[in-house]
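One structure below.
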Amino acid sequence: AQTVTQSQPEMSVQEAETVTLSCTYDTSESDYYLFWYKQPPSRQMILVIRQEAYKQQNATENRFSVNFQKAAKSFSLKISDSQLGDAAMYFCAYRSVEEYGNKLVFGAGTILRVKS
Amino acid sequence: KAGVTQTPRYLIKTRGQQVTLSCSPISGHRSVSWYQQTPGQGLQFLFEYFSETQRNKGNFPGRFSGRQFSNSRSEMNVSTLELGDSALYLCASSPAQGRLNTEAFFGQGTRLTVV
């Protein structure tokens, strides 16, 4: 079974600065998706960024980028120019492509606080 | 396009009762997944339905069940409620399965409190 580990329960960042959230995962599969989801106090889970395991290139979405190290099974999220609206719980998630279905396996989450 | 709609948003039930939660996926999406979110256990997968068939099931007791209708709307039922069932229940819809599916869209959840 796949597992996802987020070792940072909580992180803080000053507005306009850069922060990196860590995520490691364990799988024996070679084909999968990795995601970062954001959950603000409204509880709505919002997709931040997605990475396909067979793609070498790290995904980027505006101020959000990932460092995907497949051999190390590491998938960190970098948020540049942090904004107050980035404050939320961030979840790293894994989805198998080899298995049938859309089941997501989530990490425990990291609370991100942004200071003004 | 309307997003994923979960009803009700809040529920308070008494131990031993049963409850039904509803999820209307994004129009055209055929896959609906359910997750339980608690402070202690985090986000855990309950089950997934695709075209009215349960495709995948998490490690939850038989008190947790679900179904999907021909219009892709899904319901989740919990019978004989226990205090530990208090949680945020999230529903996610996806247009497809496997490699073709690149994203799950979540609803705002139903907050269930069992007293």
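Since the structure is predicted, the reported quantities are computational estimates derived from the model, not experimental observations. Here is the naming used below: chain letters follow the sequence lines, and residue numbers restart at 1 for every chain.
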Within a radius of less than 6.0 Å around [atom1] of [X], do more than 12 heavy atoms belonging to other residues, nucleotides or ligands occur?
X	atom1	answer
B:Asn71	CG	yes
A:Glu10	CD	yes
A:Lys73	NZ	yes

Using heavy atoms and a sub-4.5 Å threshold, report which of residues 103-116 of chain A line up against chain B, by residue number.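 Listed by number, the contacting residues are A:Lys103, A:Leu104, A:Phe106.
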
Atom group of A:Arg50 that falls short of 4.5 Å from chain B, counting heavy atoms: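 For A:Arg50, the side chain is the part near chain B, not the backbone.
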
What's the spacing between [X] [atom1] and [Y] [atom2] if we round to 0.5 Å?
X	Y	atom1	atom2	answer
A:Arg43	B:Leu90	CZ	CG	8.0 Å
B:Tyr35	A:Met45	OH	CE	8.5 Å
B:Glu103	A:Tyr37	CD	OH	5.5 Å

Given the rule that I, L, V, M, F, W and Y join up when any side-chain heavy atoms are under 4.5 Å apart, are A:Leu84 and A:Ile46 in one cluster?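 Different hydrophobic clusters.
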
Residues of residues 8-20 of chain B under 4.5 Å from chain A (heavy atom pairs)?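 Expected list: B:Arg9, B:Tyr10.
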
Please look at B:Leu88 and chain A and tell me whether the side chain, the backbone, both or neither of the residue comes under 4.5 angstrom of a heavy atom of that chain.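 Looking at B:Leu88, just its side chain touches chain A.
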
Who among B:Gly107, B:Gly58, B:Gly42, B:Ala92 has the most heavy-atom pairs with chain A under 4.5 Å?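 Of the options given, most contacts go to B:Gly107.
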
If you apply the rule side-chain contact (heavy atoms from CB on, under 4.5 Å), what do you find for B:Gln37 with A:Gln39, and how did you get there? CA-CA 12 Å; B:Gln37 186 176 16; A:Gln39 187 179 41; 2.9 Å; yes

With no hydrogens and no angle check, just 3.5 Å: does a side-chain donor-acceptor pair link B:Ser33 and A:Asn102?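 No donor-acceptor contact under 3.5 Å links the two side chains.
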
